[in-house]
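Here is the structure we will look at, set down as structure tokens.
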2 protein chains.
Amino acid sequence: MATRAELREELIKAGIRPSVQRLAIFEYVRQSCQHPTAEVVYEALCDELGSLSLTTVYNTLKLFVDAGLISMLTIDDTFRCFDGNRCCHAHFRCNNCGKIVDLQMKEDFISLVEGLDGYKITDAQLYLKGLCPACKNKK
Amino acid sequence: MATRAELREELIKAGIRPSVQRLAIFEYVRQSCQHPTAEVVYEALCDELGSLSLTTVYNTLKLFVDAGLISMLTIDDTFRCFDGNRCCHAHFRCNNCGKIVDLQMKEDFISLVEGLDGYKITDAQLYLKGLCPACKNKK
DNA sequence: TTATATATTTGCAATGATTACAAAAATGAA
DNA sequence: TTCATTTTTGTAATCATTGCAAATATATAA
């Protein structure tokens with residue numbers, strides 16, 4: 001769990017000026033295990049920051065994604081969500097309850113992909129979908 | 001390359017009545033290596049079928065995805081595209097030119113995921129993003 | 001400090017892919 | 001044929017996301 005000062009340093013190192021809004025958004029996404037959407041980030045930080053614009057949240061999240069500081073997940077095709085967990089992991093989305101969970105990997109999945117000579121890879125996501133144990137038992 | 005009769009049988013086996021529209025859409029997505037969007041499928045088949053509704057294309061593609069006959073890709077976060085290739089493979093999307101290409105796998109990537117006991121997996125997608133060789137050289 | 005340029009935030013309007021809906025057409029059963 | 005069911009269609013609505021221009025904050029220079 002990084003401190004606020006460490007997160008600030010990380011932004012600066014990435015060439016991003018740590019404004020109040022940016023630092024709050026960065027901290028929120030990095031600490032969350034919930035894969036929040038832009039809307040969720042906005043709702044969560046509105047009070048804390050006094051005021052905040054949804055546009056700022058969208059712009060800032062995009063800034064972080066482009067800088068490689070967080071990832072954007074498109075596992076749900078109706079909205080994007082964001083992930084501050086920097087360890088290599090896969091995601092599972094339950095088709096019934098919609099929950100998105102992290103799954104550990106035995107090894108980095110990029111090593112299994114063939115024919116990547118000449119490519120520059122900046123992002124990799126492994127998405128699994130189906131039924132989570134709870135929903136599977138209900139049916 | 002499956003014949004039209006084989007594709008028809010596959011629909012019936014999946015419990016889907018092979019209407020003219022459905023068979024044409026199924027054939028198009030299965031034969032294409034281009035990961036078409038609903039709009040692309042619609043444009044391609046409008047003439048062939050005389051008339052066609054974009055709503056039908058959307059509904060039909062969803063029907064096929066739910067039946068496990070084709071996959072939906074969300075590698076590009078601004079639109080969905082569809083993939084009729086049933087072999088296990090990964091996808092790469094170039095951040096510069098937008099091209100989506102298939103990549104072979106040394107082995108099925110699901111085997112690398114831990115903690116799947118109790119889950120029912122119905123879909124798995126591995127997405128890589130970055131620069132393709134051509135775009136990488138240009139920069 | 002003050003003035004000026006630059007970067008950031010904000011609110012609202014616009015965008016566009018996708019879906020809801022209800023009518024029309026096609027198909028199957030009796 | 002008649003009736004019920006399934007499928008298709010066109011249009012309107014939805015809603016997550018973006019464009020844009022004004023307002024605000026921050027950094028730099030003098």
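Every chain is numbered from 1, with letters handed out A, B, ... down the list of sequences.
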Nearest-Å distance, CG (B:N59) to P (C:dC21)? 13 Å
Phosphate OP1/OP2 of D:dT26 contacted by A:S19 side-chain N/O (<4.0 Å): no
Whole-Å distance between D:dT8 C1' and B:L45 CG? 15 Å
Expressed as a whole number of angstroms, how long is the span from B:L54:CG to C:dT18:P? 9 Å
Could you check how far CG of A:L52 sits from P of D:dA23, rounded to whole Å? 20 Å
Verify, without hydrogens or angle tests, whether A:K106 (side chain) and B:S111 (backbone) share a donor-acceptor contact under 3.5 angstrom. yes
Polar side chain donor-acceptor pair, A:N85 to A:H35, under 3.5 angstrom: no
Quick check: any donor-acceptor pair below 3.5 Å linking the side-chain of A:T55 to the base of C:dC12? yes
Hey, does A:T56 reach any base, or is it just sugar-phosphate, or nothing, if we go heavy atoms under 4.0 Å? base
Under 4.0 angstrom between A:R80 side-chain N/O and D:dT17 OP1 or OP2: yes
B:Y58 OH - D:dT8 P separation (whole Å): 17 Å
Testing D:dT9, C:dT9, C:dT10 for proximity to the side chain of A:S53, the answer is C:dT10
Any donor-acceptor pair under 3.5 Å from A:T74 side chain to B:T74 backbone: yes
Over all strands shown, is B:T78 touching base, sugar-phosphate only, or nothing at heavy-atom distances under 4.0 angstrom? sugar-phosphate
Would you please confirm or rule out a distance under 4.0 Å between OP1 or OP2 of C:dT10 and any side-chain N or O of A:Q21? yes
In whole angstroms, the gap separating P of C:dG28 from CD1 of B:I16 amounts to 16 Å
Using whole Å, report how far CG of A:D77 lies from P of D:dA16. 13 Å
State whether B:R17 places a side-chain N or O below 4.0 Å from either non-bridging phosphate oxygen (OP1 or OP2) of C:dA26. no
Send over the distance from A:F79 CZ to D:dT17 P, rounded to a whole Å. 9 Å
Measure the acute angle between the ring planes of A:H91 and A:Y127, then classify it against the limits of 30° and 60° as parallel, tilted or perpendicular. tilted
Going from CZ on A:F82 to OG1 on A:T60, what distance comes out if it is rounded to the nearest 0.5 angstrom? 10.5 Å
